There are 2 protein chains.
Amino acid sequence: MELKEAKEKFIQAWGTLGSNWGINRTMAQVHALLMVSPDPLSAEDIQDELNISGGNANMNLRALIDWGLISKVHKPGERKEFYAAEKDIWKVFKQVAKERRKREIEPIFRVLEDVSKISGNPKEKNNKAFLETVKGIHNFASKTDKTLETLINADENWFMSSFIKLMK
Amino acid sequence: MELKEAKEKFIQAWGTLGSNWGINRTMAQVHALLMVSPDPLSAEDIQDELNISGGNANMNLRALIDWGLISKVHKPGERKEFYAAEKDIWKVFKQVAKERRKREIEPIFRVLEDVSKISGNPKEKNNKAFLETVKGIHNFASKTDKTLETLINADENWFMSSFIKLMK
DNA sequence: AATAATTTTCAGAAATTACTGAAAGTTCAG
DNA sequence: CTGAACTTTCAGTAATTTCTGAAAATTATT
């Protein structure tokens, strides 16, 4: 297989993976393209490679910067901005975990705490079922949150080696 | 806050969470509704609670069964089928991990292995950047896969207590 | 300061995804 | 068997999400 074809397949697969996980397909494709490029690319390069409009490229590049997955690179003597992706997949994973934690766990906590404050007898069947489910999720979310926090601060080797030991 | 209002808020929040993670909003809402109901509900109950059509309710119920998150309950003397959700959130989490592993990790593995077979000198800059990224992801995916496998077979208490120890 | 290159924004269009409603299919009690 | 209760399917429609293209804003160059 030629490099070009392999790149296309990889970009396609990464896009599908992203969209299964609630990330817009094009954003994931831009990310994939930058991950396999040896050098930073300009917005124009990306437009041409992926056949997307300038507006679309720009919006997804900003979103990727916002997620902390790529950064602008200024090339001396060049007018254009270039973009480069973090290629260490462990760092990518940690960054995504960090952002999703901020964007999703925190809001769900607020809702869980809020809906726990229901009136009426907590022993009554309907109230009880509700409160137990909510409490269970709250408890689980707390543990997950702590785990994620540790994960985000962990170094890969430490984490993986400890984890593998644990799994034995 | 009244139970009814709290349920609605919870169902809404669960739906949003689902759609952020690539799960259709209504499917997540049906799941939420069943998680907070003390007794199994019929398709009709669900239609009425969520204001959705029979077809929609049916399709999402089947999808939830397919994901292993709810099950049919036959009530003696009743013609209708009823549905009940697994309420232990740890089991829910494991089940989702199991399904996603099957549906997503396996396909991505195939692609990664496939695209590793590129022609040309692996030392050449473009080939090298590509192969290193792909190799890094493949390696990460292998570890993740092993971890998930363990997780799926783990019991919550064992897992959490070991994990908390690890984190210290 | 004028011009040219580049980036950003955003209204409307296109594409994708989800839903409805009605018809077809099943199941079961009488 | 028959018909009523219930479930499933799916073509067409609706809602949502994403993208385009062109205009506005910004930034650098002469």
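Chain letters run A, B, ... following the sequence lines, proteins first, then strands; residues in each count from 1. Since the structure is predicted, the reported quantities are computational estimates derived from the model, not experimental observations.
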Look for any protein N or O under 3.5 Å of an N or O in nucleotides 16-20 of chain D and output each such pair with its distance, or none.
| unit_1 | atom_1 | unit_2 | atom_2 | d |
| --- | --- | --- | --- | --- |
| dC19(D) | OP1 | Thr26(A) | OG1 | 2.1 |
| dC19(D) | OP2 | Asn24(A) | ND2 | 3.4 |
| dC19(D) | OP2 | Asn56(A) | OD1 | 3.2 |
| dC19(D) | O5' | Asn56(A) | ND2 | 3.4 |
| dT20(D) | OP2 | Ser53(A) | N | 2.8 |
| dT20(D) | OP2 | Ser53(A) | OG | 3.0 |
| dT20(D) | OP2 | Asn56(A) | ND2 | 3.1 |

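Here the nucleotide nearest the side chain of Asn58(A), chosen from dT8(D), dA5(C), dT7(C), is dT7(C). Listed nucleotides: dA4(D), dT7(D), dT7(C). Nearest to the side chain of Glu81(B): dT7(D).
If you take NZ of Lys72(A) and P of dT6(C), they are 14 Å apart, rounded to a whole angstrom. Regarding Leu61(A), its CG atom lies at a distance of 15 Å from the C1' atom of dT9(C), rounded to whole Å. Atom P of nucleotide dA29(C) and atom NZ of Lys80(B) are separated by 16 Å, given to the nearest angstrom. Note: CG (Leu50(B)) to P (dA18(C)) measures 16 Å, nearest angstrom. The distance between atom NE2 of His74(B) and atom C1' of dT26(C), rounded to the nearest whole Å, is 15 Å. dC10(D) atom C1' lies 14 Å from atom CZ of Arg62(B), rounded to whole Å. For Glu78(B) and dT27(C), the CD to C1' distance is 15 Å, given to the nearest whole Å.
Contact annotation: Arg79(A) does not reach the phosphate of dT29(D) (side-chain N/O to OP1 or OP2, under 4.0 Å).
Counting non-hydrogen atoms of other residues, nucleotides and ligands closer than 6.0 Å to CD of Glu2(B) gives a total of 12 or fewer. The environment of Lys135(B) atom NZ is sparse: at most 12 non-hydrogen atoms of other residues, nucleotides or ligands sit within 6.0 angstrom.
The distance between the ring centers of His138(B) and Phe109(B) falls below 6.0 angstrom.
Side-chain N or O atoms of Glu86(B) include one that pairs as donor or acceptor with a backbone N or O of Asp88(B) at under 3.5 Å.
Between Arg103(B) and Asp66(B), at least one side-chain nitrogen of the basic residue sits less than 4.0 Å from a carboxylate oxygen of the acidic one, meeting the salt-bridge criterion.
Within the 4.0 angstrom heavy-atom criterion, no nucleotide atom of any strand lies near Glu44(A).
Put simply, CZ on Arg101(A) and CD1 on Ile152(A) are 5.0 Å apart, with the number rounded to the nearest 0.5 Å.
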